[in-house]
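Scroll down for the structure; my scribbles are underneath it.
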Amino acid sequence: MANGGPVEHGFPHLETVRAAVTALYRRLSYDTVHRFAVSVAPADVAFCDSDDLYLGAQRVARELVRHYRLPDARMIVGFREMRHAANVELAAGPEYFVELNERFRAHRRDIGAALAHEIMHVFLHRLGLSFPGTRENEILTDTATTYLGAGWLLLDAYREDAVSSQKLGYLTPEEFGYVLAKRALVFGEDPSTWFTSAQAYTAYVRGRERARLDERQPPLSAAGWSGRRRYARDRRHAQDHRPLAVVADAPYDFVPDAGGPLRVAFSCPTCLQRIRVPVRGRVRARCGLCRTVLECDT
């Protein structure tokens with residue numbers, strides 16, 4: 001939790017974020033991911049200063065448990081002084097103890113954001129999905145929270161001005177915006193209407209620009225002129241230097257098949273898993289993981 005300190009910006013964790021999106025699709029399946037097509041509604045997790053602190057926190061926690069479809073998961077919420085924003089005790093259940101930083105007593109509108117992250121830890125724990133390393137696992141948790149419909153709360157908790165700052169989660173604001181935009185492109189949502197933080201909206205717009213760039217990378221037909229020109233040059237090089245067809249600093253790789261046609265490997269713009277298609281002009285491919293139909297010019 002950045003509380004008054006510097007806030008990291010940009011996309012330094014993008015590789016791990018993309019791996020997390022792919023891991024969600026692989027572990028949950030296409031059908032299960034699409035059960036989360038509707039995000040948490042702002043009214044369902046709203047927290048007023050006049051609300052009782054503990055009853056309000058329990059109400060928001062129950063709503064998030066319902067959203068994540070966690071069966072028999074009762075959250076007991078408390079507050080104490082700590083360095084981090086929150087902590088959850090991962091046991092066998094059915095009761096889970098969530099501790100929130102004492103500062104949330106005075107910043108109640110951000111309680112939903114903190115709980116969204118911690119309850120996602122419970123979701124992933126029950127799912128048996130984790131990444132090696134604490135930081136990578138926290139990035140997975142932030143990404144899953146956002147992609148499954150509650151992470152807009154984490155981005156909306158980001159506020160920064162000349163004298164103060166606040167950010168929850170391990171992703172940068174722009175990375176939260178990137179995952180939100182990926183989700184919006186799949187489910188047709190517009191999360192920008194839910195933001196109360198102007199800085200959150202700006203970060204979302206930057207993340208959306210980066211997410212849309214994924215859909216304009218060759219060999220996709222929507223790629224721009226400069227990308228198509230470089231792709232054609234790399235393709236000629238790969239065809240002339242088989243079987244060693246390595247391309248540096250490109251979003252695609254050429255994969256020579258013994259006795260078969262040259263293939264190009266690239267990331268699906270939706271689930272971000274690597275897929276391969278033959279190099280033979282215009283090709284329509286269907287991602288086997290997220291079922292996205294891709295128009296390619298290979």
Side-chain angles (χ1 to χ4, degrees), residues 1-8 39-126 130 134-135 137-146 148-161 163-171 173 176 194-197 199-200:
M1 176 176 63
N3 180 20
V7 174
E8 187 176 24
S39 289
V40 173
D44 292 336
V45 291
F47 205 118
C48 301
D49 290 338
S50 59
D51 290 344
D52 179 272
L53 179 64
Y54 290 94
L55 292 178
Q58 291 291 152
R59 172 183 57 80
V60 173
R62 285 195 301 271
E63 178 59 32
L64 289 164
V65 166
R66 185 203 63 78
H67 175 76
Y68 292 143
R69 295 171 172 80
L70 280 169
D72 304 323
R74 179 171 174 241
M75 301 294 158
I76 300 175
V77 183
F79 298 82
R80 71 174 177 88
E81 290 286 349
M82 66 175 79
R83 177 174 174 266
H84 297 289
N87 181 62
V88 63
E89 179 183 317
L90 292 176
E95 292 184 342
Y96 296 87
F97 295 88
V98 181
E99 295 177 312
L100 301 182
N101 193 298
E102 191 74 14
R103 73 186 303 272
F104 286 112
R105 290 180 180 271
H107 296 80
R108 298 186 179 189
R109 71 171 179 168
D110 297 325
I111 284 177
L115 288 174
H117 177 95
E118 297 307 318
I119 296 174
M120 177 51 69
H121 273 299
V122 176
F123 180 91
L124 295 175
H125 175 71
R126 288 193 166 200
S130 64
T134 300
R135 189 172 187 82
N137 204 51
E138 292 291 349
I139 291 172
L140 167 65
T141 304
D142 277 342
T143 303
T145 304
T146 306
L148 298 184
W152 69 267
L153 288 161
L154 285 160
L155 180 53
D156 196 40
Y158 161 57
R159 290 178 285 280
E160 187 174 17
D161 55 38
V163 296
S164 64
S165 65
Q166 174 185 282
K167 185 187 76 71
L168 302 182
Y170 283 69
L171 300 186
F176 274 119
W194 304 329
F195 295 132
T196 61
S197 164
Q199 294 86 0

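Scanning both residues, A85 and L168, for their nearest heavy atoms gives CB-CD2, 4.0 Å. When all heavy atoms of I119 and A61 are compared, the closest pair comes out as CD1-O, 3.7 Å. Residues T145 and Y68 come closest through the heavy atom pair CG2-OH, 3.4 Å. Shortest non-hydrogen contact noted between V60 and A46 is CG2-O, 4.4 Å. Of all the heavy atoms in H67 and A150, the pair that sits closest is NE2-N, 4.3 Å. Closest non-hydrogen pair, F47 versus A57, comes out as CE1-N, 3.2 Å.
Side-chain contact between W152 and P42 is present, with heavy atoms from C-beta onward closer than 4.5 Å. The side-chain heavy atoms of R59 and D51, taken from C-beta on, include a pair separated by under 4.5 Å. The closest side-chain heavy-atom distance from R105 to R108 is not below 4.5 Å. Residues M120 and L148 form a side-chain contact, since some pair of their non-hydrogen atoms from C-beta on lies under 4.5 Å apart. Side-chain contact between T143 and Y170 is absent, with no heavy-atom pair separated by less than 4.5 Å. Considering only heavy atoms from C-beta on, L53 comes within 4.5 Å of I111 through its side chain. Contact check for V7 versus P173: side-chain heavy atoms found under the 4.5 Å cut-off. Between L115 and V77, some side-chain heavy-atom pair lies under the 4.5 Å cut-off.
Atom CG in L64 sits 7.0 Å away from atom CG in L153 (nearest 0.5 Å). To the nearest 0.5 Å, the span separating CD on E102 from CD on E81 amounts to 5.0 Å. A distance of 10.5 Å separates CD of E160 from NZ of K167, quoted to the nearest 0.5 Å. We find the CG-CZ distance between D44 and R62 to be 12.5 Å, quoted to the nearest 0.5 Å. Here the CZ-CE distance, from F97 to M75, works out to 11.0 Å after rounding to the nearest 0.5 Å. We find the CD-CD distance between Q58 and E63 to be 13.5 Å, quoted to the nearest 0.5 Å.
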L70 and R126: CA distance, side-chain angles, deciding distance, side-chain contact (heavy atoms from CB on, under 4.5 Å) verdict: CA-CA 9 Å; L70 280 169; R126 288 193 166 200; 3.9 Å; yes
Going through the distances and angles, do D142 and L154 end up as a side-chain contact (heavy atoms from CB on, under 4.5 Å)? CA-CA 8 Å; D142 277 342; L154 285 160; 3.8 Å; yes
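Remark: D110 does not engage R103 in a salt bridge, criterion side-chain N to carboxylate O under 4.0 Å. Between D156 and R109, no side-chain nitrogen of the basic residue sits less than 4.0 Å from a carboxylate oxygen of the acidic one, so the salt-bridge criterion is not met. Using a cutoff of 4.0 Å between basic side-chain nitrogens and carboxylate oxygens, R135 and E138 are not scored as salt-bridged.
Other residues, nucleotides and ligands contribute at most 12 non-hydrogen atoms within 6.0 Å of the CZ atom of R74.
Taking the six-membered ring where the residue is Trp, the centroids of H121 and H117 are separated by under 6.0 Å. Taking the six-membered ring for Trp and the full ring otherwise, Y158 and F176 have centroids separated by 6.0 Å or more.
Listed for the E99 side chain is no donor-acceptor partner under 3.5 Å among the backbone atoms of V88. One N or O on the side chain of N101 and one on the backbone of M82 form a donor-acceptor pair closer than 3.5 Å.
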